[in-house]
Amino acid sequence: MTQQFATADLFADEAPGFPDRDALAPGACILRGHARADELAIFAALESIVTRAPFRHLVTPGGFYMSVAMTNCGALGWVSDRRGYRYAAQDPDSGQPWPPMPAVFLELATRAAREAGYARFSPDACLINRYQPGARLTLHQDRNEHDLSQPIVSVSLGVPAMFLFGGLTRAEKQVRVGLMHGDVVVWGGQSRLCFHGVLPVKEATHPLTGNCRINLTFRNVR
Ligand code: MD3
Ligand code: FE
């Protein structure tokens with residue numbers, strides 16, 4: 001895939017005129033700061049989720065611990081062990097269903113998707129990633145969801161991170177996009193299967209999350 005959008009790295013600090021809503025790439029729409037109005041409700045809901053389903057470091061099929069800690073809410077959650085990656089209805093640590101998706105999460109995700117042109121998005125899974133300083137996510141594709149015509153909606157909270165957005169092959173050069181507290185991105189259409197990752201998160205503090213970055217990704221798995 002040839003990227004036809006701006007090849008310059010995008011970071012809000014360095015681009016003061018960057019609009020709060022823009023097409024990032026074909027099918028990808030960034031809604032700068034759109035989660036900020038709900039940040040306290042989101043954070044309260046998050047605390048209740050992690051009480052029932054604490055953050056944990058998944059083991060990859062290769063046997064390594066991920067630097068990112070993860071949990072889920074909604075009907076399905078992303079799990080991994082030596083047998084591989086998959087979506088599962090139960091938290092393997094507790095044997096219980098994942099906590100339900102809070103209304104404030106569901107409303108934020110469906111509103112963002114609607115604004116980006118996906119009126120029928122109804123997420124049944126929300127992965128919650130926690131990045132402590134130094135944690136990163138290596139380049140990957142998200143292709144385990146049943147209906148790839150549905151987008152993924154991501155919500156960034158807390159300390160900023162540099163997101164890497166590539167093409168349809170691992171080799172294609174990536175664009176760097178700074179994701180700040182409250183940024184919501186809708187990844188659909190041609191961007192849905194693009195390789196992506198997160199560079200190691202730098203030491204910083206945010207009033208809501210301390211030294212962490214939290215990322216929510218909403219998916220329509222089944
Ligand atoms: C572009 N999470 O959970 S969110 C993941 O910041 C994941 O925690 C990152 O990649 C994070 O799988 C990135 C942005 C994102 C999520 C899914 C995408 C971008 C995407 C799927 C396709 C293309
Ligand atoms: Fe991903």
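Read the numbers this way: they start at 1 and go in the same order the structure lists the ligands and their atoms.
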Original post:
So His196 and Trp187, would you call those rings parallel, tilted or perpendicular, with 30° and 60° as cut-offs?
Top reply: parallel
Original post:
Using a 4.0 angstrom limit on heavy atoms, which residues are close to ligand 1?
Top reply: Asn129, Tyr131, Leu137, His140, Asp142, Ile152, Ser154, Phe163, Trp187, Ser191, Arg192, Cys194, His196, Val198, Arg213, Asn215, Thr217, Arg219
Original post:
Which of the N/O/S atoms in Asp142 sits closest to the Fe ion (ligand 2)?
Top reply: OD1
Subject >> Backbone N/O of Arg213 and side chain of Thr209: donor-acceptor pair under 3.5 Å >> reply: no
**OP:** Using the six-membered ring of Phe195, assess whether NZ or CZ of Arg170 lies under 6.0 Å from its centre and within 45 degrees of the ring axis.
**Re:** no
**OP:** Just to the nearest 10 degrees, tell me the angle at the Fe ion (ligand 2) spanned by His140 NE2 and His196 NE2.
**Re:** 90°
Original post:
Is Arg56 paired with Asp91 through a side-chain N to carboxylate O contact shorter than 4.0 Å?
Top reply: yes
Original post:
Are Thr217 and Arg219 linked by a side-chain donor-acceptor pair shorter than 3.5 Å?
Top reply: yes
Original post:
Can we say Glu145 and Arg192 salt-bridge, meaning some charged N sits less than 4.0 Å from an Asp/Glu carboxylate O?
Top reply: yes
**OP:** Please work out whether the ring planes of Trp78 and Tyr85 are parallel, tilted or perpendicular, with thresholds of 30° and 60°.
**Re:** parallel
